[in-house]
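Letters go in sequence order (proteins before strands), and every chain restarts at 1.
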Number of protein chains: 2
Amino acid sequence: MSEISRRDILRAGAIGTALVTANAVASPLDGERMLPAELDKAAFAKALDELRAIVGKEWVFADEESTASYRKSEIPDPDGKHISSGAVAPASVEEVQAILKVANKYKLPMWPVSTGKNMGYGLATPASSGQMILDLKRMNRIIEVDAELGTALVEPGVTYRDLRDYLDEHKLNFWIDVPTVGPIVSPLSNTLERGVGYTPYGDHFFMQCGMEVVLADGTLVKTGMGSVKNSTTWQAFKWGYGPYLDGIFTQSNFGVVTKMGMWLMPAPPVYKPFMVRHANSDDVAKITDTIRPFRMNNLIPNGVLIMGAAYQLAMFNRRSDIWDKPGAIPDSVVQAEAKKHGLGMWNTYFALYGTEEIIAAIEPIIRGAFEASGGEVLTEKEMTGNPWFEHHKTLMRGGLSLEEIGIVRWRGPTGGMVAFAPVAPAKGPETIGQTALAKEILAKYGFDYAPAYAVGGRELHHIIFLMFDKGDPAEERKANDCVNEMIVRFGEKGWASYRTGVGTMDLVAKQYGQANRDLNARIKHALDPNHIIAPGKSGVV
Amino acid sequence: MSEISRRDILRAGAIGTALVTANAVASPLDGERMLPAELDKAAFAKALDELRAIVGKEWVFADEESTASYRKSEIPDPDGKHISSGAVAPASVEEVQAILKVANKYKLPMWPVSTGKNMGYGLATPASSGQMILDLKRMNRIIEVDAELGTALVEPGVTYRDLRDYLDEHKLNFWIDVPTVGPIVSPLSNTLERGVGYTPYGDHFFMQCGMEVVLADGTLVKTGMGSVKNSTTWQAFKWGYGPYLDGIFTQSNFGVVTKMGMWLMPAPPVYKPFMVRHANSDDVAKITDTIRPFRMNNLIPNGVLIMGAAYQLAMFNRRSDIWDKPGAIPDSVVQAEAKKHGLGMWNTYFALYGTEEIIAAIEPIIRGAFEASGGEVLTEKEMTGNPWFEHHKTLMRGGLSLEEIGIVRWRGPTGGMVAFAPVAPAKGPETIGQTALAKEILAKYGFDYAPAYAVGGRELHHIIFLMFDKGDPAEERKANDCVNEMIVRFGEKGWASYRTGVGTMDLVAKQYGQANRDLNARIKHALDPNHIIAPGKSGVV
């Protein structure tokens with residue numbers, strides 16, 4: 001922290017407490033749960049009583065059994081640094097406000113989750129032990145869908161499944177855009193995490209419009225047009241007037257978002273999914289350079305996935321079906337196995353949307369470019385029934401699927417998987433460098449390289465799923481070391497993550513520089529002087 | 001301000017000074033310039049000396065003659081509330097940092113401008129008198145254009161003309177997206193104001209990627225990926241990691257933006273501009289309902305303008321050419337005059353971009369819908385040579401034109417024009433209500449209704465240009481009263497402005513509610529404790 005801003009913050013007040021919250025070691029509560037360092041058991045018990053008075057005793061979870069589901073984590077946590085003290089589940093905005101009052105009184109930090117399915121990043125577990133889970137699942141109303149404008153206003157506990165069902169039930173001809181494992185995920189929280197999907201509405205934060213936020217002191221703020229009396233524009237116009245604030249509540253701990261507006265895609269008359277098959281690992285550079293111009297001129301309008309075969313095989317197989325030796329699976333084995341299933345080493349999925357005539361006008365241009373890159377361009381004609389093609393066909397029309405959950409159990413029935421997602425410009429040479437570096441580091445630890453590249457526009461997210469057996473403590477520690485090394489060494493080359501798990505939030509924040517951290521710290525302290533909302537989220541204390 | 005946040009802010013420190021800055025009456029300096037209330041002439045003279053030591057004496061402007069250009073304003077200011085004390089023009093980021101140090105020392109507020117062409121909103125004049133203009137025009141480098149990614153990194157003083165010339169000179173086949181009067185305007189400042197243009201890249205803030213910002217204490221922050229060491233992704237990926245901050249520096253006084261990344265549109269092989277002519281004032285509802293689905297499904301990819309004939313006539317005529325009586329021009333007169341020039345009462349401009357085949361596939365769908373709405377769909381075949389068609393044909397391919405400046409002189413050679421721009425959902429009935437209300441209020445003051453509707457997506461901006469004669473003090477006061485009444489009465493119906501002139505920033509901010517204002521005030525105070533950057537901007541002190 002620079003001298004100037006540290007001074008400013010110290011002058012402002014309670015930063016001492018806050019730094020303690022983040023750095024201090026939590027103390028055990030009952031073996032399975034942890035207490036914030038500043039709180040003793042008696043104070044915690046009193047806080048629980050006050051929380052029970054707000055939400056009713058059945059909605060405060062503070063024993064080993066009732067908190068078990070909140071302690072589940074699929075990512076490595078070898079030293080138990082992400083263990084909550086319990087959970088509280090409010091039913092309304094007023095209850096959220098009352099809970100934050102108690103949190104301020106007792107300096108009991110609250111980690112908000114919507115449905116707690118942040119897969120690859122820690123599910124519902126907090127950035128530091130002792131925080132209480134503020135579980136918003138009971139706030140699950142679809143408040144409004146505007147059938148003319150194609151907009152929705154939802155609460156945190158609404159899932160993509162809920163929204164899909166609502167649209168079907170009301171015969172509203174809109175598509176939604178879902179992340180993988182969409183059915184059980186909350187659109188609100190996926191958007192706040194800046195997650196992506198695979199229709200033309202794939203950049204969820206781009207397609208978000210208006211929020212309601214509870215600040216740490218209980219103040220209720222509506223962003224954009226939401227605070228204008230009698231406004232009918234809250235879900236229609238994103239930017240509002242004056243500083244545009246929605247962004248500071250994403251990947252953030254500056255407030256608790258209790259409502260969010262989002263845009264829905266009108267269902268197109270015709271939808272045509274494509275797969276392009278490339279045979280070799282190095283082809284990813286040519287694929288990237290082929291896609292980039294089509295994303296820039298929007299001839300390909302959706303978020304394109306370049307799926308690595310190893311990732312795809314892991315969806316529907318256990319590792320032992322394919323390879324029984326230690327060390328990373330050789331490319332040749334992946335390649336051979338993939339071929340059996342009609343897959344290349346890279347399989348690129350995109351789609352066209354419109355009328356028959358529009359698609360017929362666009363298809364030859366894209367087809368020609370992909371063929372020139374050495375790819376085989378395939379459609380339903382050739383691929384119907386192929387489970388991977390069907391999976392992406394579903395995703396690219398905003399359909400719901402849980403099939404990708406399978407990869408978590410690649411190494412063993414206990415499961416174990418952590419996502420590492422560095423970003424780069426969408427340029428071929430960047431992919432060659434990234435793939436080589438990922439393979440080198442993963443192989444050093446004996447893990448398989450199971451990648452996808454998501455080309456959002458001018459940038460690509462390299463999504464590397466590190467699959468390990470969480471039932472094996474030694475392997476869990478290796479997975480932890482491996483993901484840390486990937487973050488550090490990719491970071492040295494300028495490839496920082498767009499999102500990360502609760503165990504590595506601070507590590508990634510460092511890569512974004514001290515000035516950035518100080519700025520976040522100043523805003524955090526201005527809005528949450530007791531630092532009770534999710535300290536450590538994105539490395540912001 | 002709520003009790004809680006007022007208490008927090010007071011606890012934090014120097015708010016007293018800041019409130020004085022905003023509310024106190026500035027004192028005259030030499031008749032034409034004003035001094036901030038807290039400063040006496042001797043202190044101001046010392047501040048000027050320190051500023052001269054930073055930028056050289058030729059770049060500090062502090063006498064009647066050299067500051068004349070900064071005092072120009074086309075909007076009403078009947079009581080002289082927007083008169084700066086002078087101007088300082090740094091050549092580098094380091095000089096901006098040094099200037100802010102002096103500003104903090106003397107509590108001399110600085111109002112940043114890029115090229116000072118904020119037409120309809122006050123040009124380079126500040127929200128309150130006595131502020132010094134921080135004129136960034138000398139920082140005018142195009143730092144980088146990435147020919148593969150189609151991105152640019154520019155400084156504040158770069159104009160759209162500069163950028164166009166650079167692309168032409170380097171034979172880079174990209175389009176830019178310009179607001180009206182684009183040649184003399186800065187892309188950086190237009191984007192910070194959340195201005196719009198008329199190609200598919202028309203939402204400038206949407207197409208912005210990465211900023212460099214100097215905070216009030218001199219801290220230099222790069223947003224998004226810009227602060228990652230060795231990153232090549234600063235202009236490729238918007239969101240970065242952790243809270244997304246760029247938005248808080250738009251329509252804002254939280255920092256001085258010194259560099260900005262932006263996306264460039266690949267030039268399409270074929271471009272086809274359209275005009276749809278509708279005969280009657282009420283047709284705007286049908287037009288809006290026809291456009292909305294095409295903006296939602298992106299068959300019309302650009303920012304559509306529904307131009308009112310009165311606005312269009314004012315571009316190339318003086319009022320006395322058409323009507324010589326007091327009171328608003330009757331619709332029948334506008335309609336008759338428009339007809340002479342091949343215009344209807346509403347003339348809607350949009351375009352298609354792509355290949356011949358793609359455009360041929362889309363055109364019949366749109367043509368059919370507009371014809372069903374009672375419009376005549378016209379293209380270059382019928383309209384080539386029509387000055388209004390040629391103007392919009394230029395705008396919709398990001399071409400440069402100064403033709404709209406003509407409207408400023410509608411009422412007289414001195415000029416005088418203020419823009420009022422309320423937003424609404426893109427639904428027909430909203431336009432009927434807005435048009436009726438605007439006509440009623442304007443007629444009450446004897447002004448003409450010269451409108452356009454810009455349909456950005458799911459929302460529309462109603463752009464009402466109030467044209468008056470600034471050479472007539474009584475008319476200037478009437479114009480001021482009229483725009484204030486429009487803001488208040490539209491606001492009562494929930495139609496608040498997306499942007500407003502320096503004279504009405506506080507009035508509009510009130511419509512966005514107290515919780516929103518308090519939140520902005522808390523962030524402002526955390527980042528700029530002496531409130532020296534543009535106090536009053538967007539109503540944020």
Check each atom of B:Leu215 against the heavy atoms of chain A and say whether the ones under 4.5 Å are side chain, backbone, both or neither. side chain

Looking just at side-chain N and O atoms, do B:Ser227 and A:Gln511 make a donor-acceptor pair shorter than 3.5 Å? no

Would you name the heavy atoms of B:Ala515 and A:Thr219 that are closest together and state the gap between them? CB-CG2, 4.1 Å

Rounded distance (nearest 0.5 Å) linking atom CE of B:Met296 with atom CD of A:Glu148: 9.0 Å

Tell me, for A:Arg194 versus chain B, whether the close heavy atoms (under 4.5 Å) come from the side chain, the backbone, both or neither. side chain

Residue among B:Met225, B:Lys537, B:Glu356 with most heavy-atom pairs under 4.5 Å to chain A: B:Met225

Side chain from CB out, backbone as N, CA, C, O: work out which of these in A:Ile365 comes under 4.5 Å of a heavy atom of chain B, or both, or neither. side chain

Of the backbone (N, CA, C, O) and the side chain (C-beta and beyond), which part of A:Ser497 lies under 4.5 Å from a heavy atom of chain B, both, or neither? backbone

Could you give me the CA-CA distance, side-chain angles and deciding distance for B:Lys222 and A:Asn516, then say whether side chain to side chain contact (heavy atoms under 4.5 Å, CB included) is met? CA-CA 7 Å; B:Lys222 291 180 181 182; A:Asn516 210 298; over 6 Å; no

Please report the interatomic distance NZ(A:Lys493) to OG(B:Ser231), rounded to the nearest 0.5 Å. 14.0 Å

Structural part of B:Ile359 lying under 4.5 Å from a heavy atom of chain A: neither

Which heavy atom in B:Ile248 sits nearest to a heavy atom in A:Pro243, and how many Å separate them? O-CB, 3.9 Å

May I ask you to name which of B:Gly539, B:Ser252, B:Gly242, B:Ala426 has the most heavy-atom pairs under 4.5 Å with chain A? B:Gly242

Region of B:Lys524 that comes under 4.5 Å of a non-hydrogen atom in chain A: neither

A:Val221 and B:Asp518, any side-chain heavy atoms less than 4.5 Å apart: no

Bottom line for A:Val540: the part with an atom under 4.5 Å from chain B's heavy atoms is side chain

Choice from B:Ala496, B:Ser538, B:Pro268, B:Pro364 maximising heavy atom contacts with chain A below 4.5 Å: B:Ser538

Answer yes or no: is there a donor N or O on one side and an acceptor on the other, between the side chain of A:Tyr512 and the main chain of B:Gly224, under 3.5 Å? no

Could you tell me whether the side chain of A:Asn230 and the main chain of B:Glu492 form a donor-acceptor pair under 3.5 Å? yes

B:Arg522 and A:Asp528 ion-paired at < 4.0 Å: no

Please state whether the side chain, the backbone, both or neither of A:Leu460 comes within less than 4.5 Å of a heavy atom of chain B. neither

Checked A:Tyr498, A:Trp263, A:Trp495 vs chain B; the most non-hydrogen pairs under 4.5 Å come from A:Trp263

Please classify the contact between A:Phe249 and chain B as side chain, backbone, both or neither, with a heavy-atom cut-off of under 4.5 Å. side chain

A:Arg292 and B:Leu149: CA distance, side-chain angles, deciding distance, side chain to side chain contact (heavy atoms under 4.5 Å, CB included) verdict: CA-CA 8 Å; A:Arg292 186 187 55 252; B:Leu149 291 177; 3.6 Å; yes

Check whether any side-chain heavy atom of B:Leu519 sits under 4.5 Å from a side-chain heavy atom of A:Val213, and report yes or no. no

Show every salt bridge (Lys or Arg N to Asp or Glu O under 4.0 Å) that has at least one partner inside residues 357-366 of chain B, sequence neighbours left out. B:Lys272-B:Glu363, B:Glu363-B:Arg367

Applying a strict 4.5 Å limit to non-hydrogen atoms, the region of A:Phe490 in contact with chain B is neither

What residues of residues 233-240 of chain A sit under 4.5 Å from chain B when only non-hydrogen atoms are counted? A:Thr233, A:Ala236, A:Phe237, A:Lys238, A:Trp239, A:Gly240

Answer with side chain, backbone, both or neither: which region of B:Val508 has an atom nearer than 4.5 Å to a non-hydrogen atom of chain A? both

Of the backbone (N, CA, C, O) and the side chain (C-beta and beyond), which part of A:Asp246 lies under 4.5 Å from a heavy atom of chain B, both, or neither? neither

Should A:Ile523 and B:Leu245 count as side-chain neighbours, where that means a heavy-atom distance under 4.5 Å? yes

Which atoms of A:Lys427 approach chain B - backbone, side chain, both or neither, heavy atom under 4.5 Å: side chain

B:Asn520, B:Asn297, B:Asp289: which one forms the most heavy-atom pairs within less than 4.5 Å of chain A? B:Asn520

Measure from the side-chain N and O atoms of B:Tyr241 to the backbone N and O of A:Met505, and report whether any donor-acceptor pair falls under 3.5 Å. yes

If you count heavy-atom pairs under 4.5 Å between each of A:Pro425, A:Ala267, A:Gly513, A:Pro301 and chain B, which one has the most? A:Pro425

A:Tyr244 and B:Gln251: CA distance, side-chain angles, deciding distance, side chain to side chain contact (heavy atoms under 4.5 Å, CB included) verdict: CA-CA 8 Å; A:Tyr244 167 70; B:Gln251 293 194 0; over 6 Å; no

Sort B:Phe254 into side chain, backbone, both or neither according to what part of it lies under 4.5 angstrom from a heavy atom of chain A. side chain

Please classify the contact of B:Asn253 with chain A as side chain, backbone, both or neither, using a heavy-atom distance under 4.5 Å. neither

With a 4.5 angstrom heavy-atom cut-off, is it the side chain or the backbone of B:Tyr201 that approaches chain A, or both, or neither? side chain

What verdict does the side chain to side chain contact (heavy atoms under 4.5 Å, CB included) test give for A:Leu299 and B:Ile358, after you've listed the backbone C-alpha separation in whole Å, the side-chain angles of each residue and the deciding distance to 0.1 Å? CA-CA 10 Å; A:Leu299 285 197; B:Ile358 294 170; 3.7 Å; yes

